[in-house]
Amino acid sequence: MAKEITSRAENYSEWYNDLVLKGGLADYSAVRGCMVIKPYGYALWENMRDILDKMFKETGHVNAYFPLFVPKSLFEAEEKNAEGFAKECAVVTHYRLKTDPDNKGKLIVDPEAKLEEELVVRPTSEAIIWNTYKKWIQSYRDLPLLINQWANVVRWEMRTRLFLRTAEFLWQEGHTAHATRQEAMEETIRMINLYADFVENYMALPVIKGVKSESERFAGAEDTYTIEAMMQDGKALQSGTSHFLGQNFAKAFDVKFVNKENTEEFVWATSWGVSTRLIGALIMAHSDDDGLVMPPKLAPHQVVIIPFLSKNLEETEVMIDKANDLKKELAKMGIRALVDSDETKRPGFKFAEYELKGIPLRVVIGPRDLANGVVEIARRDTKEKAFFPTDNLPGTIQGLLEDIQQNMFNRAKSFRDSNITKVDDFEVFQKLLDEKPGFILAHWDGTAETEDKIKELTKATIRCIPLDNPQEDGKCILTGKSSKQRVLFARAY
RNA sequence: CGGGAUGUAGUUCAGCCCGGUUAGAAUGCCUGGUUUGGGACCAGGAGGUCGUUGGUUCGAAUCCAGCUAUCCCGACCA
């Protein structure tokens with residue numbers, strides 16, 4: 001084995017790192033906490049981005065771009081938001097370097113080029129955007145304002161992990177302004193539903209939608225909606241959030257509009273985002289000890305076609321032609337195929353390589369099978385190999401891709417469902433978290449103190465209060481105080 | 001940021017404790033040949049200022065310090 005992958009059982013974290021690095025998705029860089037997204041990883045992100053972008057536009061949003069830098073005075077305008085992010089901000093203090101007079105060939109920061117006002121590298125863009133919205137919004141006719149931006153943000157995290165938590169990451173952030181509380185709330189819900197739709201239908205990953213408790217809420221929001229997914233180690237990954245911001249930012253940035261009755265009102269706001277972290281979720285939810293497993297709808301290459309090559313040049317040429325013909329036919333149906341006719345690598349090497357890369361289907365075209373009117377097709381999700389007639393191959397492949405997409409979702413869903421447990425006893429709660437990782441539904445008295453205490457004792461946090469949560473009488477798992485519903489607990493990334 | 005570990009060829013690592021020729025291996029890479037239905041084989045070859053800066057020393061991959069990066073365990077977090 002040229003590229004050994006640590007097994008999940010041996011070390012889950014190393015397994016994850018191996019997949020990212022050896023699967024060719026990303027690489028470490030010379031910058032602390034920042035990664036290089038390699039072409040294969042970026043192709044995956046482009047697919048995700050393009051689909052989401054289309055979904056945003058179908059729901060009436062438009063794209064714009066706001067500056068990377070936020071003047072400190074703007075950043076601090078919304079107090080809670082500023083406080084929440086303050087301890088992880090990169091700050092620009094100077095605008096010039098100069099050659100070091102004492103050390104030839106080296107540069108130093110020019111002390112004379114100190115900025116009057118420091119610039120914060122955006123950890124999120126509410127401040128700069130709401131400062132702009134003030135200029136754009138005067139009348140109810142200017143509302144709703146539905147803007148999204150694709151951007152990079154910087155959050156100076158203590159400890160970073162490829163895709164899951166990097167100091168700089170790519171994301172989209174939607175920032176909307178509305179005339180009424182109800183409209184803004186509807187937007188908040190619309191977007192969390194859109195994210196759930198994307199993650200479930202494209203990433204093949206089931207999610208639980210819910211509301212964050214007060215202590216897990218976005219800094220500056222009145223309510224944070226979240227989608228939570230379960231990874232193969234039973235831990236939760238927050239995969240997307242949609243915030244109802246109330247009038248907090250409108251008040252902080254003095255954004256008012258005149259309504260039909262000619263009275264001034266503050267506007268209502270939402271913001272929502274998903275990031276390259278979704279790639280981490282995709283990897284951890286579906287992959288196995290042989291490498292990545294890409295859901296067909298997002299896979300950079302959905303099919304790899306490998307023609308068998310031999311000394312017989314004439315025969316080899318026929319195999320390569322067949323492979324290229326199939327690729328063209330697939331392209332007509334919108335299926336992304338890759339032909340590997342590299343004669344310097346043996347088939348076994350290629351099989352292993354494309355399994356590592358997670359390509360959903362592998363089609364092998366060889367003289368022996370072709371004489372029998374069949375080709376061998378192997379699917380990545382189940383590792384099954386089977387022969388299929390050469391007639392209507394594109395149709396067969398399309399069917400298989402759909403089946404893989406569905407199978408991956410079903411598999412992830414049954415794994416998740418079998419790892420959600422209702423618990424009513426705190427000792428069982430603690431024991432379960434250590435022995436059988438997963439989600440736990442338990443009663444909670446609704447206080448931040450209890451939530452903190454549970455976190456301290458078990459490292460588990462309230463992931464969300466699920467939407468459409470069944471109401472039932474119960475007693476808080478820790479304090480025994482009365483409770484009307486169960487909330488979702490888990491250890492999280 | 002606290003605790004632990006690590007950084008030597010593209011990659012994985014040995015050498016360091018006990019300083020002293022020209023720093024090794026496997027794998028990968030290049031060339032030629034034989035191969036090709038699950039990570040091929042033979043022969044030849046290229047590739048390293050030992051993470052970085054400074055210190056100790058006649059002499060540093062080896063000893064000491066700072067910095068930097070990565071991994072693991074915490075705290076923080078999408």
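Every value quoted in this text rests on a predicted model; they were computed, and no experiment measured them. Numbers restart at 1 for each chain; the letters A, B, ... are given by sequence-line order, proteins then strands.
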Complementary nucleotide for [N] - Watson-Crick or wobble, under 3.5 Å:
| N | result |
| --- | --- |
| B:rG2 | B:rC73 |
| B:rA60 | none |
| B:rG44 | B:rC30 |
| B:rG37 | none |
| B:rC17 | none |

Under 4.0 Å, counting only non-hydrogen atoms across every strand here, what does [X] touch: a base, just sugar-phosphate, or nothing?
| X | result |
| --- | --- |
| A:E157 | base |
| A:P367 | base |
| A:S310 | nothing |
| A:K350 | nothing |
| A:L164 | base |
| A:T226 | nothing |

Protein-nucleotide distance ([X], atom [atom1]; [N], atom [atom2]), rounded to Å:
| X | N | atom1 | atom2 | result |
| --- | --- | --- | --- | --- |
| A:E315 | B:rG37 | CD | P | 13 Å |
| A:R463 | B:rC77 | CZ | P | 11 Å |
| A:K357 | B:rG39 | NZ | C1' | 15 Å |
| A:E353 | B:rG38 | CD | P | 17 Å |
| A:Y493 | B:rC76 | OH | P | 17 Å |
| A:R217 | B:rC77 | CZ | C1' | 18 Å |
| A:R491 | B:rC77 | CZ | C1' | 18 Å |
| A:K22 | B:rG10 | NZ | P | 17 Å |

| Distance check: side-chain N/O of A:K345 vs OP1/OP2 of B:rG39, anything under 4.0 Å? |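 So the side chain of A:K345 is outside the cut-off, no N or O lying under 4.0 Å from OP1 or OP2 of B:rG39.
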| task | Just jot down the ring-ring contact (aromatic ring centres under 6.0 Å, His included) partners of A:F409, sequence neighbours excluded, or say none. | result |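 Partners of A:F409 by the ring-ring contact (aromatic ring centres under 6.0 Å, His included) criterion come out as none, since no residue qualifies.
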| query | With sequence neighbours left out, what residues match A:F198 under ring-ring contact (aromatic ring centres under 6.0 Å, His included)? | reply |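 Checked A:F198 against ring-ring contact (aromatic ring centres under 6.0 Å, His included); matches are A:Y202.
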Between [X] and [Y], do the side chains contain an N or O donor and an N or O acceptor separated by less than 3.5 Å?
| X | Y | value |
| --- | --- | --- |
| A:N193 | A:K209 | yes |
| A:R49 | A:Q172 | no |
| A:T176 | A:T270 | yes |

Could you tell me how far [M] sits from [N] if I compare only their [atom1] atoms? Round to whole Å.
| N | M | atom1 | answer |
| --- | --- | --- | --- |
| B:rC63 | B:rU56 | C1' | 8 Å |
| B:rC42 | B:rG28 | P | 11 Å |
| B:rC64 | B:rG24 | C1' | 27 Å |
| B:rG47 | B:rG54 | P | 27 Å |

| said: Main chain of A:F244, side chain of A:D223: is a donor-acceptor contact present, judged purely on distance under 3.5 Å? | reply: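 Checked: no pair found.
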| So, does A:N372 use its side chain to make a donor-acceptor pair with the main chain of A:V374 at under 3.5 Å? |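 Flag not set: sc A:N372 to bb A:V374 has no pair under 3.5 Å.
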| query | Does a side-chain N-to-carboxylate-O contact under 4.0 Å join A:R362 and A:E355? | reply |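 Result for this pair is yes, salt bridge flagged.
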| said: Any carboxylate oxygen within less than 4.0 angstrom of a Lys/Arg side-chain nitrogen, looking at A:R491 and A:D233? | reply: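 The answer is no: the pair does not qualify as a salt bridge.
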Would you kindly check whether a donor in the side chain of [X] faces an acceptor in the base of [N], or vice versa, at under 3.5 angstrom?
| X | N | result |
| --- | --- | --- |
| A:K385 | B:rG37 | no |
| A:R346 | B:rG37 | no |
| A:E355 | B:rG39 | no |

I'd like a list of close polar pairs between nucleotides 69-75 of chain B and the protein, N/O only, cut-off under 3.5 Å.
| residue | atom | partner | partner atom | Å |
| --- | --- | --- | --- | --- |
| B:rA69 | OP2 | A:R32 | NH1 | 3.4 |
| B:rU70 | OP1 | A:G33 | N | 3.2 |
| B:rU70 | O3' | A:Y28 | OH | 3.1 |
| B:rC71 | OP1 | A:Y28 | OH | 2.7 |
| B:rC73 | OP2 | A:R159 | NH2 | 3.0 |
| B:rG74 | OP1 | A:K459 | NZ | 3.0 |
| B:rG74 | N7 | A:R159 | NH1 | 3.4 |

| RNA chain B: A:G348 or A:F169, which has the more 5' nearest nucleotide? |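 Closest to the 5' end, via its nearest nucleotide, is A:G348.
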